[in-house]
Each structure stands twice: as structure tokens, then as C-alpha cells.
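Some notes on the structure that comes next.
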Protein chains: 2
Amino acid sequence: MPRSHSTHHHPPHADDAEPFTLEGLTESLRSKGLRMTGNRRAILQVLLQAEEPLGLEQIQSEAVRYARGGETPDFATVFRMMALLEELKLARKVNLGRASSFFELADSRHHRDHLVCTDCGTVTPLEESCPVETLERQIARKHGYTQVTHSLEFFGRCGDCSTGSPS
Amino acid sequence: MPRSHSTHHHPPHADDAEPFTLEGLTESLRSKGLRMTGNRRAILQVLLQAEEPLGLEQIQSEAVRYARGGETPDFATVFRMMALLEELKLARKVNLGRASSFFELADSRHHRDHLVCTDCGTVTPLEESCPVETLERQIARKHGYTQVTHSLEFFGRCGDCSTGSPS
DNA sequence: CCTTCAATTGCAAACGATTTGCTACAAAGC
DNA sequence: GCTTTGTAGCAAATCGTTTGCAATTGAAGG
């Protein structure tokens with residue numbers, strides 16, 4: 001499918017191959033009656049820059065660099081923004097096996113599989129994407145990891161729930 | 001590879017194809033100087049029976065059925081038992097996208113990929129295990145789910161950490 | 001069977017991360 | 001610039017998880 005050159009706003013979807021932009025995301029929010037504020041712009045810019053999933057505190061502290069006046073957005077603000085983006089399927093919570101949550105934008109540019117060290121917590125975004133079982137050993141060898149396991153879960157709406165609210 | 005008919009105890013490992021048994025698990029604990037108590041036996045039986053990952057409260061409440069005298073083990077006891085099994089790599093925490101944790105035994109009989117409904121939370125263990133990207137649509141169609149996404153993470157010890165403690 | 005010692009348990013308190021109520025603030029339309 | 005209504009900050013509440021401690025109980029040895 002040739003990519004449309006969207007001069008118009010067509011809100012990006014989770015399964016869209018197209019990378020998210022500040023403009024596109026802004027438009028996605030606007031079209032829902034939501035407002036683009038300094039905080040939100042800063043948070044989005046942090047997420048757009050991210051090379052790996054970020055925790056709420058990371059997002060909060062990095063947002064300073066994009067905010068005017070160097071104001072740090074409140075923690076609750078970051079929390080609510082991420083909950084909002086998740087709701088709109090523009091961002092995802094990533095399971096890194098930690099107590100707290102990590103987030104990434106839901107486009108293909110930012111969605112990666114990750115290699116997490118259970119010891120030091122290092123997160124390595126993977127380039128590949130293939131059969132899991134087979135890959136486990138390859139990934140282990142390639143990255144010099146040991147005791148590699150994987151966690152693979154699917155999320156979606158079941159038939160019953162799909163018929164209910166269209167969402 | 002022909003399966004050995006283990007009359008002897010050889011503690012089961014995480015990547016062992018052989019299903020866990022109450023006896024084998026008991027021996028695994030014993031060999032570590034740990035004790036097999038009524039609580040633990042009950043919890044293990046719950047896990048052995050499970051067809052899908054269970055939360056701590058589920059484990060606790062179902063344990064009643066295996067405990068003598070119908071005593072419910074304390075929540076903390078269940079928590080500590082699961083932490084222990086995780087430590088020994090006999091059980092795993094599973095990411096179901098919920099706030100609380102879910103567990104399953106770490107053998108092939110119990111380790112499954114899952115399909116989780118983001119709406120009602122229904123957990124469907126999958127029989128298949130193949131390339132993720134390709135499978136997403138197939139799984140969606142087969143189970144009547146929509147908006148299917150997946151979460152795939154790898155866990156292990158990185159080179160640096162591997163050299164440190166042997167664990 | 002009884003004793004001994006360390007592992008285990010229950011209880012309750014401590015924790016850490018997340019979530020929410022409320023009021024003041026500020027985007028965006030008019 | 002005024003109004004409407006979404007948003008931000010602050011602090012308190014919540015939720016799941018984790019831990020300290022004293023009492024209990026496996027299980028090995030006498």
C-alpha cells in the first residue's frame with residue numbers, strides 16, 4: 001500500500017506503519033476535544049526521542065529539557081498523560097519485569113522487543129523480530145546473555161467484548 | 001531424545017521438557033534445605049492443577065481445597081512461597097497487563113503464551129507457539145479477538161552480570 | 001517418642017507505586 | 001479579553017507488595 005501523504009489530519013493508529021510526529025499526535029488529541037499544553041508537548045517530545053521504554057519519573061525529569069522555563073511537570077500530570085495516551089492506544093505500557101511501569105509510543109518506530117537483564121536491569125532494544133522459541137538461543141549468544149527466557153503475551157478484545165462498545 | 005524414566009530425584013529445571021510433579025518439586029525444595037509443609041504442598045498442588053496463571057489471592061483461596069483442616073494459608077505465606085519458587089526458577093511471574101502479579105510453574109506443561117482480553121480480562125492459554133508478527137492476525141481471527149497486540153520481552157543475565165555471581 | 005534447632009508462619013506494620021479529589025490555572029473559541 | 005472547560009499541582013488515599021518479629025512446627029538425632 002502506497003503511503004498517503006496526509007496533509008489532512010488522519011489520527012495515527014497503533015498498527016500504523018507511519019512514525020508518530022508531534023504534529024500528528026497533537027492533532028490526535030485535539031480531535032478528541034483535548035488540549036495541547038506545554039506539559040503535554042514536552043512529554044510527547046520526550047517520548048518521541050526515546051530509544052527505549054521510559055518510566056514515569058524518567059519522563060518527568062526529561063520533560064524539563066523541552067518545557068519552557070524549565071518547569072518540571074507534576075508527577076500526577078505525567079501519570080495522567082500516559083494513562084490518556086494508553087487509553088487512546090497511542091502509547092503502551094511495557095513489561096520490563098520491574099515494579100514500576102515503563103512506556104513507549106505505540107508506533108513501529110518505538111515498539112521494539114527488549115532484552116532485559118534480570119540482574120542489573122539493562123534494557124537492550126532488539127532489531128530482530130522472529131519466531132520466539134528459536135530465537136531465544138540466538139539472542140542469548142549474540143548478546144552474551146545467559147539464562148534467557150522470554151515473556152510473550154497477546155492483548156486484544158475478545159468476541160464478546162468486541163460486540164459491546166465499539167471503542 | 002528418549003525420556004529418562006527418573007526413579008532417582010534429579011531436580012527439575014526451568015527448561016526441562018518433563019512436567020513437574022509434587023514429588024519432584026518437594027525434592028527440589030528438600031535438597032536446598034527447605035521444608036515441605038502443609039501450606040507449601042497445598043500451594044504446589046494448586047499450581048500443578050492450574051490451567052492458567054494464578055494471582056496470589058487465587059492461589060491462597062484455592063489452596064484451601066488441598067489443605068488439611070481447610071485452613072487458608074496466610075497471604076504473606078503464599079507471597080513468600082511464590083518468591084521462593086521464582087528464586088529457584090521453578091515458577092514464573094507472568095505479565096497479564098494487570099496491576100497485580102500472576103504466576104505459573106516454569107515447566108513446559110504450564111508455560112503457555114496467553115491471549116488476554118483488555119476489556120474483561122479473560123485469559124486464554126494458546127496451544128501454538130510461532131513467529132509473533134505473523135501469528136498476531138491468525139490468533140486474532142482464530143479466537144475472534146480484535147485489536148490484538150503482543151508483548152514480548154526477553155529476560156536473562158547480561159555478560160557482565162554472568163561473570164559476577166554464578167547463581 | 002522426645003528433644004532440639006532452624007525453617008516457616010501469621011499478624012500487623014511498613015513500603016512503594018499508583019491513583020484520585022479538589023481548587024486554581026490556562027487553552028482555545030468567540 | 002472574556003468565557004468555557006479541560007488541565008495542573010498538591011496532597012491525601014489506595015492498592016499491591018514486602019518485611020519484622022514472636023510463636024509455631026518440620027524433621028533429624030537421640
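Quick note on labels: first sequence line is chain A, next is B, and so on, each numbered from 1.
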Any side-chain heavy-atom pair of B:Thr21 and B:Leu48 under 4.5 Å: no
A:Arg35/A:Leu29 under side chain to side chain contact (heavy atoms under 4.5 Å, CB included): CA gap, chis, key distance, verdict: CA-CA 7 Å; A:Arg35 291 174 186 169; A:Leu29 295 182; over 6 Å; no
field: Side chains of B:Leu96 and B:Val123 in contact at under 4.5 Å (non-hydrogen atoms)
entry: yes
- line: CG (B:Leu47) and CG (B:Leu105) are apart, to the nearest 0.5 Å, by 4.5 Å
- prompt: Whole-Å distance between D:dT7 C1' and A:Leu29 CG?
  reply: 12 Å
- request: Verify the distance criterion only: is there a donor paired with an acceptor across the side chains of B:Glu52 and B:His114 at less than 3.5 Å?
  value: no
task: Flag the pair B:Glu51 and B:Arg109 as a salt bridge only when some basic side-chain nitrogen lies within less than 4.0 angstrom of an acidic carboxylate oxygen.
output: yes
- request: Would you check if A:Phe103 and A:Val94 make a side-chain contact, meaning some heavy-atom pair closer than 4.5 Å?
  value: no
query: Roughly, in whole Å, what's the span from CG in A:Leu84 to C1' in C:dT20?
result: 16 Å
- prompt: Of all of residues 41-50 of chain A, which get a heavy atom below 4.0 angstrom from DNA chain C, listed by number?
  reply: none
task: Using whole Å, report how far NZ of A:Lys32 lies from P of C:dA28.
output: 16 Å
Could you run down the sub-3.5 Å N/O contacts of the protein with nucleotides 15-19 of chain D?
residue, atom, partner, partner atom, Å
D:dT17, OP1, B:Ser101, N, 2.6
D:dT17, OP1, B:Ser101, OG, 3.2

field: Upstream residue (5' side of DNA chain C) when B:Gly33 and B:Thr72 are each assigned their closest nucleotide
entry: B:Gly33
- prompt: How close or far is atom P of D:dG9 from atom CG of A:Asp74, stated in whole angstroms?
  reply: 5 Å
Path from A:Leu90 to A:Leu22 over hydrophobic side-chain contacts below 4.5 Å: yes
- request: Using atom CD1 of A:Ile59 as one end and atom P of C:dA17 as the other, report the distance to the nearest whole Å.
  value: 15 Å
task: Return the nearest nucleotide to the side chain of A:Arg40; candidates are C:dA27, C:dA7, D:dA8.
output: D:dA8
query: B:Glu87 has an atom CD; how far is it from atom P of C:dT8, in whole Å?
result: 13 Å
Protein-nucleotide distance (A:Arg35, atom CZ; D:dA8, atom P), rounded to Å: 10 Å
- prompt: Should A:Thr37 and A:Arg40 be marked as a side chain to side chain contact (heavy atoms under 4.5 Å, CB included) after you check the CA-CA gap, both sets of side-chain angles, and the distance that decides it?
  reply: CA-CA 5 Å; A:Thr37 66; A:Arg40 290 186 171 172; 3.4 Å; yes
- request: Return no unless some side-chain N or O of A:Asn39 is found under 4.0 Å from OP1 or OP2 of C:dA26.
  value: no
- request: Measure from CG on B:Leu34 to C1' on C:dA6 and round the result to the nearest Å.
  value: 11 Å
- request: Tell me what A:Arg30 touches on the nucleic acid: a base, only sugar-phosphate, or nothing, going by heavy atoms under 4.0 Å.
  value: sugar-phosphate
query: If only side-chain N and O atoms of A:Thr77 are considered, is one of them under 4.0 Å from the OP1 or OP2 phosphate oxygen of D:dG9?
result: yes
